[in-house]
Amino acid sequence: MKFIELSGKTLYRLLQPDEIDPEELRKAGVSEDSLVRINPQGDIEVRKTRSWEVIGGLLGDFSERVKRATGRDWA
């Protein structure tokens, strides 16, 4: 599976109003310093101590938003 990794801070910046609520991200353990990743389907995962945990998803033109925000492509 391909992903783009980014910080929690970057994720918070690129969220749109109709997507996952920032409060839900905080409850799931996403801080500005968290390591998160997004797959091409828009699933958001946060890095936990020993695994990745799916915590929500992005909608719409998220692919281009993620690429612009990170400067990365799917890998």
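Only this structure's heavy atoms are used, side chains among them; waters, hydrogens and symmetry mates stay out.
- Across all their heavy atoms, Arg65 and Leu59 have their closest contact at NH2-O, 2.8 Å.
- Shown are Leu35, Leu25, Ile55, Leu11; of these, the side chain to side chain contact (heavy atoms under 4.5 Å, CB included) with Val46 is made only by Ile55.
- When side chains are defined from C-beta on, Ile4 counts as touching Lys67, because their heavy atoms get closer than 4.5 Å.
- Judged by distance alone, the side chain of Arg13 and the main-chain N or O of Lys9 form no donor-acceptor pair under 3.5 Å.
- Checking side-chain atoms of Asp61 against main-chain N and O of Glu64 turns up no donor-acceptor pair under 3.5 Å.
- If you chain together hydrophobic residues whose side chains sit under 4.5 Å apart, Ile44 and Phe3 never meet in one group.
- When all heavy atoms of Ser34 and Gly29 are compared, the pair lying nearest together is OG-O, 3.4 Å.
- How far CG of Leu15 is from CG of Leu58: 6.5 Å, rounded to the nearest 0.5 Å.
- Considering only heavy atoms from C-beta on, Gln41 comes within 4.5 Å of Met1 through its side chain.
- Criterion: ILVMFWY side-chain heavy atoms under 4.5 Å apart, direct or through other members. Under it, Leu14 and Trp74 are part of a common hydrophobic cluster.
- The environment of Lys48 atom NZ is dense: over 12 non-hydrogen atoms of other residues, nucleotides or ligands sit within 6.0 angstrom.
- The existence of a salt bridge linking Glu23 and Arg26 is confirmed by a sub-4.0 Å separation between a basic side-chain nitrogen and an acidic carboxylate oxygen.
- For the atom pair CD (Glu53) and CZ (Arg47), the distance works out to 12.0 Å, reported to the nearest 0.5 Å.
- Looking at Arg72 and Glu5, their side chains come closer than 4.5 Å, going by heavy atoms from C-beta outward.
- When atom types are taken as modelled, the side chain of Tyr12 and the backbone of Val30 share a donor-acceptor pair closer than 3.5 angstrom.
- Atom OG1 in Thr10 sits 9.0 Å away from atom CD in Glu32 (nearest 0.5 Å).
- Using a 4.5 Å heavy-atom threshold, the side chains of Asp43 and Ile38 count as separate.
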